[in-house]
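Inspection log for the structure reproduced underneath, given as structure tokens.
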Amino acid sequence: MPELPEAETIVRGIRAAVSGRRIEGVEVLHRDVLAVTPARLRKGLAGQRIEGAGRRAKNVLLDMDDGSVVWINLGMTGGVMSLPRPPHTSAARVRYGPIATHPTVVFLLGGGTDLVFNDSRRFGTIEHLDASASRARSRTFGPEPLTDEFTPAGLWRGLRASRAPVRSWLLDQRKLAGVGNIYANEALFLAGIHPARRARTVRRHEAEALHSSLRSVLTAAVQAGGTTIRDYRNAQGGEGAYVRELRVYGQEGSHCIKCSSIVQRLVFGNRSAFLCPTCQPRRAVARRTRRPGLT
DNA sequence: AGTGTATCCTGCAGGC
DNA sequence: TGCCTGCAGGATACAC
């Protein structure tokens, strides 16, 4: 579910509520999302002050005053919300009403405010890493696409080194941080590149177009507060408006906005890809068969 | 190296 | 109404 724009929207939505607050307690309702025992998490966080909130790839980060960092991976259905503490509740049965339907881990910030990790499927994870381990984790991700470290030339070099389908390359967090299935499909449509094309067949001008479309799609999605298909909610429980701007994702059978062809869905890498067969031809395959001996 | 498959888990939509 | 199947914004481990 949540990709870079959704995680970014969540971070912006909780930043004011968490910055400078102390963690008074941690309630664990489902320990299977934790990489450590609840006792150890509590011990590591008790009394710590939250310096601020940030994001790396699709992860929401809470920076602690001792330099350690809480890494929240949102998985498919995870969300972080800043909510008023419900009255008369016990740890075993915390109810936040219809906004947080599946509270999983709750950080008690005092002053009547709870920071709730809500995750119905519980594919999300929470880890507490010391400063060194956090930096090491951060290094496992590729460049952030909305920063200067992401360049057309760098994208082209990366694509040229891979035989994987270009969409698979975009989804690989080690190559590029924060892009998931929705925005990969949208950016490939805008750049006119078939999602199943081998990354190495993408030409320089196409890589430049893809760099530009990734930037514009992700920027617009952040501005729209993300995409709500079904589960995603921001830190206040609201929906993301970018769903209204999707051009191909989930649009199987409708007309392409550029050429009126019928948008297709195909499955590879265990996930759906959406594309316009006219605007996103599999050119590389045709070229290869016509130029034998060039392998 | 790449890829197909399975796994974690829950909810919802659609067909019958 | 109920039962069944398929599908879902992610990430990883495994066998080819």
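A note on names: the letters A, B, ... follow the listed sequences, proteins ahead of strands, and every chain is numbered from 1. The basis for the numbers below is simple: all heavy atoms, side chains too, and nothing from hydrogens, waters or symmetry mates.
- Taking atom CG of A:N181 as the reference point, atom C1' of C:dA11 lies 13 Å away to the nearest angstrom.
- If you take CD1 of A:I229 and P of B:dC12, they are 16 Å apart, rounded to a whole angstrom.
- Inter-residue side-chain proximity for A:N118 and A:V80 is flagged as unmet; no heavy-atom pair is nearer than 4.5 Å.
- Whole-Å rounding puts the A:D119 CG to C:dA11 P distance at 13 Å.
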query = Once Watson-Crick and G-U wobble pairs under 3.5 Å are found, how is DNA chain C written in dot-bracket notation, 5' to 3', with | for any base paired to another strand?
reply = .|||||||.|||||||
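- Side-chain N/O atoms of A:R197 and A:T201 include a donor and acceptor closer than 3.5 Å.
- As rounded to whole Å, 9 Å separates atom P of B:dG2 from atom CZ of A:R200.
- With sequence neighbours excluded, the residues that form a ring pair (Phe, Tyr, Trp, His ring centres under 6.0 Å) with A:H211 are A:F150.
- For the P atom pair drawn from B:dC9 and C:dC3, the interatomic distance equals 23 Å after rounding to whole Å.
- Rounding to whole angstrom units, CG of residue A:L171 and P of C:dA8 are separated by 13 Å.
- For A:Q251 and C:dA8, the CD to P distance is 14 Å, given to the nearest whole Å.
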Interface polar pairs with nucleotides 3-5 of chain B, N/O, under 3.5 angstrom:
unit_1: B:dT3; atom_1: OP1; unit_2: A:R198; atom_2: NH1; d: 2.3

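- In the set C:dA11, B:dG2, C:dA8, the nucleotide with an atom closest to the side chain of A:S162 is B:dG2.
- In this structure A:R244 satisfies the side-chain hydrogen bond (donor to acceptor under 3.5 Å, both in side chains) test with no other residue, sequence neighbours excluded.
- Residues in residues 149-158 of chain A take part in these side chain to side chain donor-acceptor pair (under 3.5 Å) pairs, two or more places apart or across chains: A:T147-A:E149.
- Using a 4.0 Å cut-off between charged side-chain N and carboxylate O, A:R49 and A:E51 make a salt bridge.
- Atom CD1 of A:I72 is separated from atom C1' of C:dA11 by 17 Å (rounded to the nearest Å).
- Spacing between atom CG of A:L176 and atom P of C:dA11 amounts to 12 Å, rounded to whole angstrom units.
- Judged as a salt bridge (Lys or Arg N to Asp or Glu O under 4.0 Å), the pairs with a partner in residues 112-131 of chain A (not counting sequence neighbours) are, in order, A:D32-A:R122, A:R85-A:D114, A:E127-A:R137.
- Among residue pairs with one or both ends in residues 175-195 of chain A, those qualifying as side chain to side chain donor-acceptor pair (under 3.5 Å) are A:E6-A:Y183, A:R167-A:N181, A:D172-A:K175, A:N181-A:N185, A:Y183-A:T227; sequence neighbours excluded.
- B:dA6 and C:dT5 are spaced 16 Å apart, taking the P atom of each and rounding to whole Å.
- In terms of the side-chain hydrogen bond (donor to acceptor under 3.5 Å, both in side chains) criterion, A:R15 has no residue partners (sequence neighbours excluded).
- Judged as a side-chain contact (heavy atoms from CB on, under 4.5 Å), and not counting sequence neighbours, the contacts of A:Q173 are A:A57, A:K58, A:F141.
- No contact: A:T125 has no heavy atom under 4.0 Å from any strand.
- Within the nucleic acid shown, A:Y183 has no heavy atom closer than 4.0 Å to any nucleic acid atom.
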Please enumerate all protein N or O atoms sitting under 3.5 Å from an N or O of nucleotides 8-11 of chain B, with distances to 0.1 Å.
unit_1: B:dC9; atom_1: O4'; unit_2: A:R121; atom_2: O; d: 3.4
unit_1: B:dC9; atom_1: O3'; unit_2: A:R122; atom_2: NH2; d: 3.2
unit_1: B:dC9; atom_1: O2; unit_2: A:R121; atom_2: NE; d: 2.9
unit_1: B:dT10; atom_1: OP1; unit_2: A:R122; atom_2: NH1; d: 3.4
unit_1: B:dT10; atom_1: OP1; unit_2: A:R122; atom_2: NH2; d: 3.3
unit_1: B:dG11; atom_1: OP1; unit_2: A:H102; atom_2: NE2; d: 2.7
unit_1: B:dG11; atom_1: N2; unit_2: A:R230; atom_2: NH1; d: 3.3

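- The side-chain contact (heavy atoms from CB on, under 4.5 Å) check on A:Q236 picks up A:N234, with sequence neighbours excluded.
- Here side chain to side chain donor-acceptor pair (under 3.5 Å) pairs that include residues 249-261 of chain A, with residues two or more places apart or in two chains, are A:S261-A:T278.
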